[in-house]
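Below is one structure, written out as structure tokens, with a few remarks after it.
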Number of protein chains: 2
Amino acid sequence: MAETVSLTARSGLSWQIASAIGTRIVNGEYAPGDVLPTESDLGEAYNVGRSAVREAIKMLASKGLVDARPRRGTIVCERNAWSFLDADLLSWLEGSAPDQEFLLELVDMRMAIETEAAALAAGRSVAQEVKEIRAAYEKMVAAEIGQADPIAADLEFHKAIVSASGNRFMRPLVAIVSTALRFSFRYTNALAGAHVGDLEEHERILLAIEAGDAEGARAAVRSLLQSVRDAVERGGQKNSDGLEQT
Amino acid sequence: MAETVSLTARSGLSWQIASAIGTRIVNGEYAPGDVLPTESDLGEAYNVGRSAVREAIKMLASKGLVDARPRRGTIVCERNAWSFLDADLLSWLEGSAPDQEFLLELVDMRMAIETEAAALAAGRSVAQEVKEIRAAYEKMVAAEIGQADPIAADLEFHKAIVSASGNRFMRPLVAIVSTALRFSFRYTNALAGAHVGDLEEHERILLAIEAGDAEGARAAVRSLLQSVRDAVERGGQKNSDGLEQT
DNA sequence: CAAGTCATATTTGTCTGATAAATAGGATGA
DNA sequence: TCATCCTATTTATCAGACAAATATGACTTG
């Protein structure tokens, strides 16, 4: 269930440069409209050749972050051109401190993605991928008594649902669901104690999917995520999925 | 309402190479696991320098399509690593002939995206973007009597809904919604005649959003898309949104 | 003075060639 | 049989050169 991204791609010099510049862009250090330093200057700044910089900029351009033109230079694109669902972009985003609006938008995306994915998964409840949802759930149960990593288990559960949709266009959305969950983990007291209600909600989702009950699965996911959304709106203490602790 | 992509990026040599190779990959001409020709060979084949080929491959790698390593060469990644929501990738995909399963997955994605986007749009019905939904609807009405392009109007309507969600993560999904609609247009007799029921469904969506009725908007979109899905499943004649002609 | 035209300098675009680094696959040897 | 080493192949990176595009300001002209 590890990230499928090949590590070779991540180790290249040009990818590191893209990562460095990309991070500065999504964190606002370079604002939309700003002109980046010239390729030569960037190469000098990072101590790499111009070709490495150019390859990095091409990667950023392919994610809608920058646009290069002779003489004018390379400018940062408007935010509405950014590929916000790109896995790299999301990982660069995870380095920044989110505001409430940002967290709400993430939850709203989970709402769109996971409700429908769960419904689709229910429609193919015999699939191998559905068994992985149960496996993740068992892991969450084990985590309750300290026999597994609760964060990893929770992540796996939700990623498994998206994958179990069997829809090729859903798969890339595993990245944003993971990012959303990691933000939740970071800004909540996920590890503070037992969260029984949370587990029950997850069980309801699992059983609906296994039973092939698409509408039930949709409703169960919506219920869970609505709790998360409410918690984010209150800005209060919440567990890993955003539910309040008692 | 034109595509926001800067045309400069599209005209570069390395982008053309990426486009050529990317198209061959998503159409299966190069299968996952296949090793691409060497950078030198590709350069010779396309009559460009090695640097242009390398920049192209870096772009493809940043979309999860290929993975390059010394000695082994550049291989095509497994489909589950592809960024299927990337605008470029989708445009390359539009050149191929879809099977029914593919079309169904597109409709299912529209279901996930547009239902939630419409609900979110209803929550901010005063926003400027909501007015653009109405503008697109008026255009659809005008198209009924031949005073506007019905395809463009329909596209604008659905794109406007996604944009009106006000969610930064929704915006990139305009690409897949557009792609899905274009496939619908292509494989249906969109222009064969009047499709009154279609227009009524759109009006119901618009009114629900303007009224701030999130649940109503969700239901109206779901109803429309369910009709599309049914039509695709039957594989029968349908109009631009997949509804059957009478 | 206004507005269009043109020249120039700057920056990206592209090619070529060279060297380094990684590694798959075969050769070698215990 | 298996581990080790060698070597050829391919990508990775750099450097330098020239081409192409274009923003800017100077210049001209009405």
Side-chain angles (χ1 to χ4, degrees), chain A residues 5-22 24-25 30-77 81 88, chain B residues 5-22 24-25 30 32-78 81 88:
Chain A
V5 287
S6 50
L7 300 93
T8 33
R10 258 69 191 162
S11 61
L13 190 46
S14 50
W15 191 86
Q16 290 178 277
I17 305 299
S19 191
I21 300 175
R24 299 181 71 166
I25 291 175
Y30 291 128
D34 283 2
V35 181
L36 296 188
T38 67
E39 293 171 350
S40 309
D41 288 349
L42 284 170
E44 199 173 322
Y46 289 107
N47 255 296
V48 300
R50 207 187 133 204
S51 51
V53 173
R54 280 190 58 78
E55 288 174 358
I57 287 179
K58 275 293 185 311
M59 288 189 256
L60 296 177
S62 110
K63 297 181 192 301
L65 284 180
V66 302
D67 180 52
R69 251 191 263 182
R71 168 74 214 219
R72 184 201 58 181
T74 303
I75 65 166
V76 178
C77 296
D88 293 327
Chain B
V5 288
S6 51
L7 299 94
T8 34
R10 259 71 191 161
S11 61
L13 189 45
S14 50
W15 191 86
Q16 289 178 277
I17 305 298
S19 191
I21 301 175
R24 299 181 70 166
I25 291 176
Y30 291 128
D34 283 2
V35 181
L36 296 189
T38 67
E39 293 171 351
S40 309
D41 288 349
L42 284 170
E44 199 173 322
Y46 290 107
N47 256 295
V48 301
R50 212 188 127 204
S51 52
V53 173
R54 280 190 59 78
E55 288 175 358
I57 287 179
K58 276 291 188 301
M59 288 190 255
L60 296 177
S62 112
K63 298 180 191 304
L65 284 179
V66 302
D67 181 52
R69 250 191 262 181
R71 168 74 214 221
R72 185 201 58 181
T74 303
I75 65 167
V76 177
C77 295
E78 294 300 317
D88 293 327

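Proteins come first, then strands; the chains are lettered A, B, ... in the order of their sequence lines, and each starts at number 1.
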All N/O donor-acceptor pairs, side-chain side in residues 12-20 of chain B, below 3.5 Å, sequence neighbours left out:
unit_1	atom_1	unit_2	atom_2	d
Ser14(B)	OG	Glu55(B)	OE1	3.4
Ser19(B)	OG	Trp92(B)	NE1	3.0

Completion exercise
5' to 3', nucleotides 13-19 of chain D under a 4.0 Å protein heavy-atom cut-off (B base, S sugar-phosphate only, - none) gives BB--B--
Handout entry: Base dA22(C) to side chain Arg72(B), donor-acceptor N/O within 3.5 Å cut-off
Key =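 Under the 3.5 Å cut-off, the side chain and the base do not form any donor-acceptor pair.
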Nearest whole angstrom, please: distance from the [atom2] of [N] to the [atom1] of [X].
| X | N | atom1 | atom2 | value |
| --- | --- | --- | --- | --- |
| Leu42(B) | dT14(C) | CG | P | 16 Å |
| Arg69(B) | dA24(C) | CZ | C1' | 11 Å |
| Ile75(B) | dT23(C) | CD1 | P | 13 Å |
| Asp41(B) | dT10(D) | CG | P | 8 Å |
| Asp67(A) | dG13(C) | CG | C1' | 14 Å |
| Tyr46(B) | dC15(C) | OH | P | 14 Å |

Got a second to check how far [X]'s [atom1] is from [Y]'s [atom2], nearest 0.5 Å?
| X | Y | atom1 | atom2 | answer |
| --- | --- | --- | --- | --- |
| Thr38(A) | Glu44(A) | OG1 | CD | 8.5 Å |
| Leu36(A) | Ile25(A) | CG | CD1 | 5.5 Å |
| Arg54(B) | Leu42(B) | CZ | CG | 12.0 Å |

Practice task
Answer whether the closest heavy-atom distance between the side chains of Ile21(B) and Val66(B) falls below 4.5 Å.
Solution key: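 No - every pair of side-chain heavy atoms lies 4.5 Å or more apart.
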Practice task
Please tell me which of Thr74(B) and Arg71(A) maps to the more 5' nucleotide of DNA chain D, matching each residue to the nucleotide holding its nearest heavy atom.
Solution key: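 First, find each residue's nearest nucleotide; the 5'-ward one identifies Thr74(B).
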Problem - Residue pair Ala68(A) / Thr74(A): nearest heavy atoms and the distance that separates them - result: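 The pair with the smallest heavy-atom distance is CB-OG1, 3.4 Å.
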Practice task
Give one of base, sugar-phosphate or nothing for Ser40(A), where a contact means two heavy atoms less than 4.0 Å apart.
Solution key: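 Here Ser40(A) touches no strand at all.
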